[in-house]
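Per chain, numbering begins at 1; letters A, B, ... match sequence-line order.
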Amino acid sequence: MEADRLSRTLLAWYDAEARRLPWRSPPGVYADPYHVWLSEVMLQQTTVAAVIPYFRKFLDRWPTVLDLAAADSEEVMAAWAGLGYYARARNLLKCAQHVASVLGGRFPDTEDGLRSLPGIGDYTAAAIASIAFGRATVVVDGNVERVMARLFAEQAPLPGVKPRLKQRAAQLAPQERCGDYSQALMDLGATLCTPRNPACGLCPWVRDCQGRLQGIAADLPARTPKAEKPTRHGLAFWIARWDGSILLRKRPPHGLLGGMLEVPSTPWRDSSEGGAWTLDEASKHAPLSCSWHPVRGTVRHTFTHFHLEMTVVTGIARGGEPPASRWVSPESLGEQALPTIMRKIVRHAML
DNA sequence: CATCCGTGGCG
DNA sequence: TCGCCAAGGAT
């Protein structure tokens, strides 16, 4: 059957070219479910290069899921700082605690069982079930969607064409070496069948790819155009105390940068709400009353759906501790649960 | 089903 | 400089 030939061709390529990644097991051995789970959650919408140092750090600090389940939330958030999508870190700890306290420290070995855990959706459940437990699943991530769109020259745009791409993936998925096949398909997308400049000349499916034969591979998958990102403005308060400590504030537990620390600031408003802040307007939102001194320049950052432009002012406080806030020594700033935008503000304020 | 949620690398 | 988009999930 044609599907068999295609899957065998891909596995042969994988056996010859497989990347050695820290969470992968030797050939013929199932990988540790904890390692697979941790890496897959980190890899959600995140590149391999960005994940590797975080994966090593987490495994070094929490060698088993039981260790992680016993960890302090603040410590986990601080370790995750910089990796983004912080709901993943919150769900990571929730999931570890559930596995430890309810499941006796063992991950479920079925797709449905895995799918019921916090932070594990369709993709991650299928990936863990196949890679750690050898289950025959249909793994569909962004790579697989791209490969299928090209292999079968599916020209309808995402996200509408998603179900059809999943059908295509399902008709190719083998019953044996399921984990290797899942990883091979994603490796193909990550290394050869890339979004831009695909290396079709090196692809094991070059003679089978309808997109390639029609000369449209590089233009697939099609996507519906995205809305333009608005720019929001904020003003951050860099507040030092007599002993040099800096005032940080904990953000609400959910939503943008949920559960992370921040340099206190005004709300972030777009141009329809007034755009850039004057110091007079902004001071009403200051956590403490101070005499403020503007810092030259601005800090820019881009989130998933808006740009942010921040100005910074500094002040010296007498003391006091506003709600949800704490004084932190400058030396310890690097260890705090500060997301990247806040680290940019720290760097800007300290120059 | 659409929107929300980070960050960094690449062309 | 800037838009694109990545091994998605939750609501």
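Residues Leu235(A), Phe237(A), Ile239(A), Leu247(A), Trp277(A), Leu279(A), Trp292(A), Val313(A), Trp327(A) make up the rest of the hydrophobic cluster containing Leu288(A), defined by ILVMFWY side-chain heavy atoms closer than 4.5 Å, directly or through other members.
dG8(B) sits 22 Å from dG9(C) when the P atoms are compared, rounded to a whole Å. Atom name P, nucleotides dT3(B) and dA7(C): the rounded distance is 23 Å, in whole Å.
Nucleic acid contact for Arg300(A): none, since no nucleic acid atom lies under 4.0 Å from a heavy atom of the residue. At the heavy-atom level, Gly82(A) lies under 4.0 Å from the strands shown only through sugar-phosphate atoms.
From the 5' end on, the contacts that DNA chain B makes with chain A at under 4.0 Å to a non-hydrogen atom open and close at dC4(B) to dC10(B).
When each of His301(A) and Arg196(A) is assigned the nucleotide of DNA chain B bearing its nearest heavy atom, the one mapping closer to the 5' terminus is His301(A).
Counting heavy atoms from C-beta on, the side chains of Asp208(A) and Leu151(A) come closer than 4.5 Å. For the pair Trp23(A) and Ile131(A), the minimum side-chain heavy-atom distance is 4.5 Å or more. Side chains of Leu257(A) and Glu262(A) form no contact here, defined as non-hydrogen atoms less than 4.5 Å apart. Proximity of Leu158(A) to Glu145(A): side-chain heavy atoms (C-beta onward) are separated by under 4.5 Å at one or more points.
Here Glu74(A) pairs with Lys250(A) in a salt bridge; the nearest charged N to carboxylate O distance falls below 4.0 Å. A salt bridge links Glu154(A) to Arg168(A): one of the charged nitrogens lies within less than 4.0 Å of a carboxylate oxygen.
Donor-acceptor pairing under 3.5 Å is recorded for the side chains of Asp270(A) and Ser272(A). Using modelled atom types and a 3.5 Å distance limit, the side chains of Arg88(A) and Gln44(A) yield no donor-acceptor pair. Side chain to side chain, Asp243(A) and Ser245(A) meet the donor-acceptor criterion of an N or O pair below 3.5 Å.
Between Arg223(A) and dC5(C), a side-chain N or O to OP1/OP2 separation shorter than 4.0 Å is present.
Across the protein-nucleic acid pair, Arg88(A) atom CZ and dA7(C) atom C1' stand 10 Å apart, rounded to whole Å. In this structure, NE2 of His307(A) is placed 8 Å from C1' of dG3(C), rounded to the nearest angstrom.
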Report the C-alpha separation of Asp122(A) and Lys166(A) in whole Å, then their side-chain angles, then the decisive distance to 0.1 Å, and conclude whether the salt bridge (Lys or Arg N to Asp or Glu O under 4.0 Å) test is met. CA-CA 11 Å; Asp122(A) 290 340; Lys166(A) 179 166 186 172; 5.2 Å; no
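Near DNA chain B, meaning a heavy atom under 4.0 Å away, there are no residues from residues 9-23 of chain A. Contacts between residues 252-269 of chain A and DNA chain B, defined by a heavy-atom separation below 4.0 Å, involve Gly255(A), Leu256(A), Leu257(A), listed by number.
Applying the ring pair (Phe, Tyr, Trp, His ring centres under 6.0 Å) rule to pairs touching residues 98-157 of chain A yields Trp37(A)-Phe107(A), sequence neighbours excluded.
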Kindly give the atom pairs (protein nitrogen or oxygen, nucleotide nitrogen or oxygen) under 3.5 Å for nucleotides 8-11 of chain C.
unit_1, atom_1, unit_2, atom_2, d
dG8(C), OP1, Gly142(A), N, 3.2
dG8(C), OP2, Gln45(A), N, 2.7
dG8(C), OP2, Gln45(A), NE2, 2.9
dG8(C), O5', Gln45(A), N, 3.3
dG9(C), OP1, Gly121(A), N, 2.9
dG9(C), OP1, Thr124(A), N, 3.0
dG9(C), OP1, Thr124(A), OG1, 2.5
dG9(C), OP2, Tyr123(A), N, 3.3
dA10(C), OP1, Gly119(A), N, 2.6

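For the side-chain contact (heavy atoms from CB on, under 4.5 Å) criterion with Pro204(A), the lone passing option out of Leu11(A), Thr9(A), Leu6(A) is Thr9(A).
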